[in-house]
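Labels below follow one simple rule: chain letters A, B, ... track the order of the sequence lines, proteins then strands, and each chain is numbered from 1. Bear in mind the structure is a predicted one, so any value in this text is a computation, not a measurement. Note: hydrogens, waters and symmetry copies are ignored here, and every other heavy atom, side chains too, is used.
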There are 2 protein chains.
Amino acid sequence: MSEETTELRKAGLKVTHPRLQILRLLEQTDQKHMTADQIYRALNDQGEDIGLATVYRVLSQFESAQLVRKHMFDDGSGRPAQACYELDEGEHHDHMVCMETGEVIEFFDEAIERRQEEIAHKHGYEIVDHSLVMYVRPRKSNG
Amino acid sequence: MSEETTELRKAGLKVTHPRLQILRLLEQTDQKHMTADQIYRALNDQGEDIGLATVYRVLSQFESAQLVRKHMFDDGSGRPAQACYELDEGEHHDHMVCMETGEVIEFFDEAIERRQEEIAHKHGYEIVDHSLVMYVRPRKSNG
DNA sequence: TTATCTGCAAATAATTTGCATTACT
DNA sequence: AGTAATGCAAATTATTTGCAGATAA
């Protein structure tokens, strides 16, 4: 029995073919962040016959089960916003999106995290979740 | 000639009734952040006959003209994401969204801003734009 | 005047849902 | 076997667009 099978069981999800394929794809792809449509195409390209609706349904179940994390990168460039998904590996991190290549870089900064807590606290709140996205471009070597 | 008229002229936009109304509403409302639909309703409720398509068109022109800023608060609660708009007063700030009341609190933190620059720099990038949203809930007094 | 703007209705795009069928356990 | 999951197509939602008529400069 595969490792993914166990993961699905632990999440309380019945082990079906589409769920296994989607989970495996997300684990194996070099592109950590994928949209529902990219996942749909990737699977169909490798011969799987899985519907787009199923991809959306499974991703949202995975999200509830904390197997996956959903992001809305609004690249500011006016394009229609599309959700993208990545495996939830437990440790939180923030994102940098390169506006030229579309590349997504992950980072984590203790100082920023702590500061956020302090700010929420000061205003009488506690943080439930947060999202920090920096839209960046490669830096000119001379500058 | 009203102040808003001047603002529109400066932005290179023809001064039309819908544009004036939308700009004034955003300046006068106590609710700094409004969705296109909220703006549409608010104006129609006060007797203006302005189409929703026009509201969208004007908002996107305002955004290009830097009169307005657009946000996608994905409150994590699974509701469909809707853009919301606020007047662009020049100085940048980040947001806290209360998950219980929907209230939007603005804040600015020099330390976080600086840290972001450093991180982007360290990775070989420069920041074009960024978005930090904290989803929060009122803090229990005892805790 | 005359190009630009507006309102309406129809078009898109991303995502969701209804339902008959299929697949886990 | 029996319930839950899937695929397809139709429905929704937010937003955009085409076009004929209205309007600002």
Side-chain angles (χ1 to χ4, degrees), chain A residues 1-2 4-23 33-41 43-44 47-65 67-68 70-85, chain B residues 1-2 4-23 33-41 43-44 47-65 67-68 70-85:
Chain A
M1 169 200 313
S2 76
E4 292 83 24
T5 299
T6 316
E7 277 192 86
L8 289 174
R9 292 247 168 84
K10 247 192 306 189
L13 294 168
K14 195 184 281 193
V15 180
T16 67
H17 186 70
R19 301 217 256 238
L20 269 176
Q21 293 308 311
I22 293 172
L23 186 51
H33 302 78
M34 300 183 81
T35 65
D37 196 65
Q38 286 172 329
I39 292 170
Y40 168 71
R41 282 166 206 258
L43 291 178
N44 285 339
E48 303 294 336
D49 192 25
I50 294 174
L52 180 56
T54 299
V55 173
Y56 274 109
R57 261 182 304 223
V58 169
L59 285 172
S60 108
Q61 293 153 355
F62 281 8
E63 197 195 356
S64 309
L67 286 175
V68 134
K70 179 184 183 181
H71 301 286
M72 295 290 278
F73 294 146
D74 161 33
D75 57 13
S77 67
R79 278 169 268 186
Q82 236 182 299
C84 76
Y85 300 83
Chain B
M1 169 200 317
S2 75
E4 292 82 26
T5 300
T6 316
E7 277 191 87
L8 288 175
R9 291 247 168 84
K10 247 192 305 190
L13 293 168
K14 195 184 280 193
V15 180
T16 67
H17 186 69
R19 303 220 255 237
L20 270 176
Q21 293 307 312
I22 293 172
L23 186 52
H33 303 77
M34 300 182 82
T35 65
D37 194 66
Q38 285 174 329
I39 291 170
Y40 167 71
R41 281 166 206 258
L43 291 177
N44 284 333
E48 302 295 336
D49 192 24
I50 294 173
L52 180 55
T54 299
V55 173
Y56 274 108
R57 262 181 304 225
V58 169
L59 285 172
S60 106
Q61 293 153 354
F62 281 9
E63 196 194 357
S64 310
L67 286 174
V68 133
K70 179 184 183 179
H71 301 286
M72 295 291 277
F73 294 144
D74 160 32
D75 56 15
S77 67
R79 279 169 266 184
Q82 238 183 297
C84 77
Y85 301 82

Once you apply a heavy-atom cut-off of 4.0 Å, does B:D37 come out as touching a base, just sugar-phosphate, or nothing?
nothing
Taking salt bridge (charged side-chain N to carboxylate O under 4.0 Å, His left out) as the test, write out the residues that go with B:R9, two or more places apart.
none
CG of B:L52 versus P of C:dT12: gap in Å, rounded?
19 Å
Whole-Å gap separating P (D:dT6) and CG (A:L8):
10 Å
Over how many whole Å does the gap from A:Q38 atom CD to C:dT15 atom C1' extend?
16 Å
Rounded to the nearest angstrom, tell me the gap between atom CD in B:Q21 and atom P in C:dG7.
11 Å
Expressed as a whole number of angstroms, how long is the span from B:Q82:CD to C:dA14:P?
17 Å
Could you state the CZ-P distance from A:F73 to C:dA14, rounded to the nearest angstrom?
17 Å
Among all residues two or more places apart in sequence or in another chain, which pass the salt bridge (charged side-chain N to carboxylate O under 4.0 Å, His left out) test with B:E4?
B:R24
Residues in side chain to side chain contact (heavy atoms under 4.5 Å, CB included) contact with A:T54, at least two apart in sequence or another chain
A:P18, A:I50, A:R57, A:V58
Closer than 4.0 Å, any side-chain N/O of B:Y56 to the OP1 or OP2 of D:dT15?
yes
Quick one: do the A:Q38 and A:H33 side chains pair a donor with an acceptor below 3.5 Å?
no
C:dT15 C1' sits how many Å from A:Y85 OH, rounded?
8 Å
Provide, to the nearest angstrom, the distance between the OH atom belonging to B:Y40 and the P atom belonging to C:dT6.
15 Å
Once side chain to side chain contact (heavy atoms under 4.5 Å, CB included) is applied, do any residues pair with A:Y40, and if so which ones, sequence neighbours excluded?
A:D37, A:N44, A:L52, A:V55
End-to-end bend of the helix from C:dT1-D:dA25 to C:dT25-D:dA1 (five-pair axes, 10° rounding)?
30°
Got a second to check how far B:Q61's CD is from B:L13's CG, nearest 0.5 Å?
6.0 Å
Side chains of B:Q82 and B:M72: does their closest heavy-atom pair fall under 4.5 Å?
no
So if I define the base as every atom that isn't primed, P, OP1 or OP2, how would nucleotides 17-25 of chain C read as a B/S/- string at a heavy-atom cutoff under 4.0 Å?
BB-----BS
Value rounded to 0.5 Å, distance of OG in B:S2 from CG in B:L23
8.0 Å
CD1-CD distance between A:I39 and A:Q21, expressed to the nearest 0.5 angstrom:
12.5 Å
